Amino acid sequence: MYIDFHIHYLPNVVPEERILLEMDKYGIEKSVVLATPDHPRYTTLNLSGTNEKSRDLVSRHPDRLVMAAYIDPRNVMEAQTQIEQHYDKGVRFVKMWPGHGFSPDDPMIYPVWEKLNDLKMGVILHMGMLGVRPQVGTKVNRMAGMNAKFGHPVLLDQPARIFPDVTFIIAHTAYPWTLEALEMSFMFENIYIDFSCGLGYEAYNLIDRLHPGRLPWERFLFASDTGGNAGSFVERWSELMKEPFFAPYAEDFFYNNARKLMERLGAW
Ligand SMILES: [Zn+2]
């Protein structure tokens with residue numbers, strides 16, 4: 001059994017039926033649908049699964065899909081209100097992109113962490129590099145205000161200490177700052193790591209070569225970062241996790257860790 005902790009809704013590319021068919025075919029019990037900003041930086045790439053569309057999708061399949069609402073914390077009070085409204089509809093995870101121009105340890109947004117802490121919610125953060133995406137054009141890229149420096153995992157150090165009831169999930173292993181992410185997660189019980197997209201394989205490669213002693217196996221999450229057609233990720237990761245160093249933790253990685261986290265946050 002698998003839980004895919006990171007998909008997006010791309011209705012123009014991967015229709016709803018295909019998501020469910022693929023999940024059934026590969027034994028994916030649940031997938032977390034991360035809503036994306038309503039901005040050309042995303043819609044140009046067919047990432048049109050905004051909060052509204054993602055909610056519609058998830059509400060049609062509440063037993064299979066879990067919503068993570070997109071929140072920009074910089075309008076602090078508005079963000080708090082949005083979080084509360086999502087929470088009231090059953091949402092237990094939000095998604096944020098620090099790379100759009102805010103640091104997770106900027107005290108200005110601490111009232112937003114406070115809100116998530118009160119509600120004991122999870123936040124999935126895009127961390128690590130941002131990619132270049134020349135196909136969206138210079139203008140759109142510039143308007144998205146991106147800056148990868150905000151994707152350093154160590155920027156979660158103070159928030160993780162001050163807000164222990166927020167569960168922070170570092171997406172894409174924060175590659176290339178993967179060792180930093182591993183250490184942060186090893187130190188803090190409220191920091192998890194998702195191994196999504198091709199960068200997850202790079203993280204696997206690092207772990208396989210270094211065999212670090214300080215690994216938070218119970219906080220590693222399988223994830224694809226696909227439009228829900230995650231079959232190739234299931235197949236490749238299932239092979240990789242047969243390696244003796246990883247094999248004892250395979251079931252936790254694919255399923256148990258995510259399930260326990262969802263149960264704890266009330267998203268199961
Ligand atoms: Zn993603």
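It should be emphasised that the depicted structure is a prediction, and the values quoted were computed from it without experimental measurement. All residue numbers refer to positions in the sequence shown, counting from 1. One-based numbering, in listed order, for ligands and for the atoms of each.
The closest side-chain donor-acceptor pair between D4 and S224 falls under 3.5 angstrom. Under the 3.5 Å distance criterion, with hydrogens and angles disregarded, a donor-acceptor pair is assigned to the side chains of R209 and N205.
Scored by the side-chain hydrogen bond (donor to acceptor under 3.5 Å, both in side chains) test, H61 finds E16 as partners (sequence neighbours excluded).
Closest non-hydrogen pair, K95 versus A35, comes out as CG-O, 4.2 Å. Minimum interatomic distance between S185 and I191 (heavy atoms only, all atoms of both residues): OG-O, 2.7 Å.
Of all protein N/O/S atoms, those lying under 2.8 Å from the Zn ion (ligand 1) come to 3.
A salt bridge links D157 with R161: at least one charged nitrogen is closer than 4.0 Å to a carboxylate oxygen.
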